[in-house]
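Not measured: the values here are computed from a predicted model. Below, chains carry the letters A, B, ... as their sequence lines are ordered, and counting in each starts from 1.
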Amino acid sequence: MSFALTILGAVGQGLLWGIMALGVYITFRILNFADMTCDGSFALGGCVSVIMISAFHMNPFLSVIIAIGAGMLSGFITGFLHTKLKIPAILSGILTMIALYSINIRILGKKANVSLLKKETIVTKIKSWLPQSLTEGMIDSTLNSIVVLGFGLIMVIILIIILYWFFGTEAGSALRATGNNEDMIRALGQNTDRMKILGLVLGNGLVALSGAFVAQSQGYADVGMGQGAIVIGLASIVIGEVMSVLLGKKRTFYKKLSAIIIGSIIYRVIIAWVLKMGLDTSDLKLLTAVIVACALSIPGLRAQRRKAR
Amino acid sequence: MLRITDLCKSFNVGTINEKKVLDHLDLTLEEGDFVTVIGGNGAGKSTLLNMIAGVYLSDCGTITLEGKDVTRLPEHARAKFLGRVFQDPMKGTAANMQIQENLALAYRRGKKRGLRWGITEEEKKIYQESLKQLELGLEERMTSKVGLLSGGQRQAITLLMATLKKPKLLLLDEHTAALDPKTAAKVLDLTKQIVEKNNLTAVMVTHNMKDAIQIGNRLIMMHNGKIIYDVRGEEKEALKVADLLQKFEQATGGEFANDRMILA
Ligand SMILES: Nc1ncnc2c1ncn2[C@@H]1O[C@H](COP(=O)(O)OP(=O)(O)OP(=O)(O)O)[C@@H](O)[C@H]1O
Ligand SMILES: [Mg+2]
């Protein structure tokens, strides 16, 4: 039973973190921009949302909107550094990320973490809406996991629909083309600087949204909560890509986006499982790095083998 | 329709690698001109086209297109006037996108891209018709990724994309040089067809002297960032490859035409 609960919790977390992976997918895969901002913007989303609730008694849903705005702004700054000030892509992201570390501590009122104990969150709000008969006799932590899972699933579905729509529009197509062949789309009259900024704004908006949800679901924000986010996002993407091979040949955009979420869930389940097996929490980053290194090297190695033959 | 006056461009200014690539160059194109451009490696042909397209901004001089001064206009803002095909077949198309998506991007050249759907059903019919004229069977593969196609097919599509919305000026930079001879001939043929049918003004850089003589109504030869020879009409038609070689040697003071020019 407790194992089933662990899995339940992992799946819920996988959904919330999956939103972050969607953001990373936009910058890293679609825009072809290794955006290091997201470590900072994930924590930023969490910090902004938590402080809005705890210090300003804001509606937890509304606090998420503010968090998205903050995340978008951080993406804009990275884009500005890169396109207007001509700083290399990776460095632009790192600069924003470093700056955000200080900013996040400021936001939390010079603290490294702020708790939402006894405060209203999305989870408590949704629980209060559920009919009593449904929730009676359920252990609180189980109920929390179920709420997170249900809410996460709905959010993920909505976001995938929005992203599918957006990347089918003229602007979305131009964004894809910018990541694919910048010279070409510029020759076709698109201001590529603007497209890069747009992609970073969208990506980091999603990352901050995810950070806000994660912070609310765990009941606190921590300045370090985004550490390694880009690698976790990549892990989800590559696990999803490996999985989508099983989904059949035709890779529609819907499938690609869904695969990322599935990748994120699998990642969380793996983590939950190895923790159960007795691995230390502090070993997780090493494990994640190994997973991503393996997954990223597969296409290259495969190509080499094909050549050797 | 295009007037270039006193255009200069140097690269790596202030370093030991400083190089004057365009040297006070003047060029005027008439409406409907189809100009072929020849010249040795490093003569500045690509740079000239890039300057017209706004890839680099000029050090001095002006460029006007149909009376509009575009000298300071950035590349993406000039795109609405220009169709371009590059030497590298990979450069003109987005490999991860479908054939029809690439065409849809080109169909919106110079237009603001908003939140309307990126490709409509009526457009698809237009694209299908345009693809048919390539005679490569691509109209049956509109949803294939461009990355799956050969260099020649991609170059044909790029040519189509450059002319899908009629450009004021078509810029072709050795756009058949990377293709095998048969494919190159085919793409060149298409080029002639499309330019004629749409009555386009075009500039085509080539290393093939025969093509340069046969195609278009005007030929210019470049050397060291200057136009050293400019013929049109009957005089151009009467040209022989030997004449061009001689002209080249004359202008460069005995310095021999490079291998690529002789072989071509
Ligand atoms: N972006 C750049 N930076 C520095 N130097 C450049 C740049 N672009 C071109 N050059 C130099 O300018 C000179 C002219 O180059 P350009 O490409 O215009 O020649 P070309 O006539 O097209 O030659 P080719 O026949 O080889 O294509 C060359 O010496 C080249 O090295
Ligand atoms: Mg050239």
Would B:Lys125 pass as a cation-pi partner of B:Tyr127, given that its NZ or CZ must be under 6.0 Å from the six-membered ring centre and within 45 degrees of the axis? no
Could you tell me which portion of B:Thr93 (side chain, backbone, both or neither) has an atom closer than 4.5 angstrom to a non-hydrogen atom of chain A? backbone
If you count heavy-atom pairs within less than 4.5 Å of chain A, which of B:His76, B:Met97, B:Lys111 leads? B:His76
Given A:Arg176 and B:Glu101, is the salt bridge (charged side-chain N to carboxylate O under 4.0 Å, His left out) satisfied, shown in steps? CA-CA 10 Å; A:Arg176 283 190 288 149; B:Glu101 286 177 328; 3.2 Å; yes
Looking just at side-chain N and O atoms, do A:Thr192 and A:Arg186 make a donor-acceptor pair shorter than 3.5 Å? yes
Can you find a side-chain donor-acceptor pair between A:Asp35 and A:Thr37 that sits under 3.5 Å? yes
Interface residue of largest heavy-atom contact number with chain A, from B:Gly110, B:Ala104, B:Ala162, B:Gly92, under 4.5 Å: B:Gly92
Please say whether more than 12 non-hydrogen atoms of neighbouring residues, nucleotides or ligands are located less than 6.0 Å from NZ in A:Lys84. yes
Selection from B:Ala94, B:Ala53, B:Ala77 maximising heavy-atom pairs under 4.5 Å formed with chain A: B:Ala94
Contact class of B:Lys80 relative to chain A, heavy atoms under 4.5 angstrom: neither
Side chain from CB out, backbone as N, CA, C, O: work out which of these in B:Arg84 comes under 4.5 Å of a heavy atom of chain A, or both, or neither. side chain
So what's closer than 4.5 Å to chain B heavy atoms on A:Phe167: side chain, backbone, both or neither? neither
Given A:Trp17 and A:Phe42, is the ring-ring contact (aromatic ring centres under 6.0 Å, His included) satisfied, shown in steps? CA-CA 10 Å; A:Trp17 283 84; A:Phe42 186 82; 4.5 Å; yes
Below 4.5 Å from any heavy atom of chain A, which atoms of B:Ala106 appear? Answer side chain, backbone, both or neither. both
With B:Gln133 as partner, the option from B:Lys197, B:Gln193, B:Glu139 fulfilling side chain to side chain donor-acceptor pair (under 3.5 Å) is B:Lys197
One option among A:Gly172, A:Ala177, A:Gly179 has the most heavy-atom pairs under 4.5 Å with chain B, and it is A:Ala177
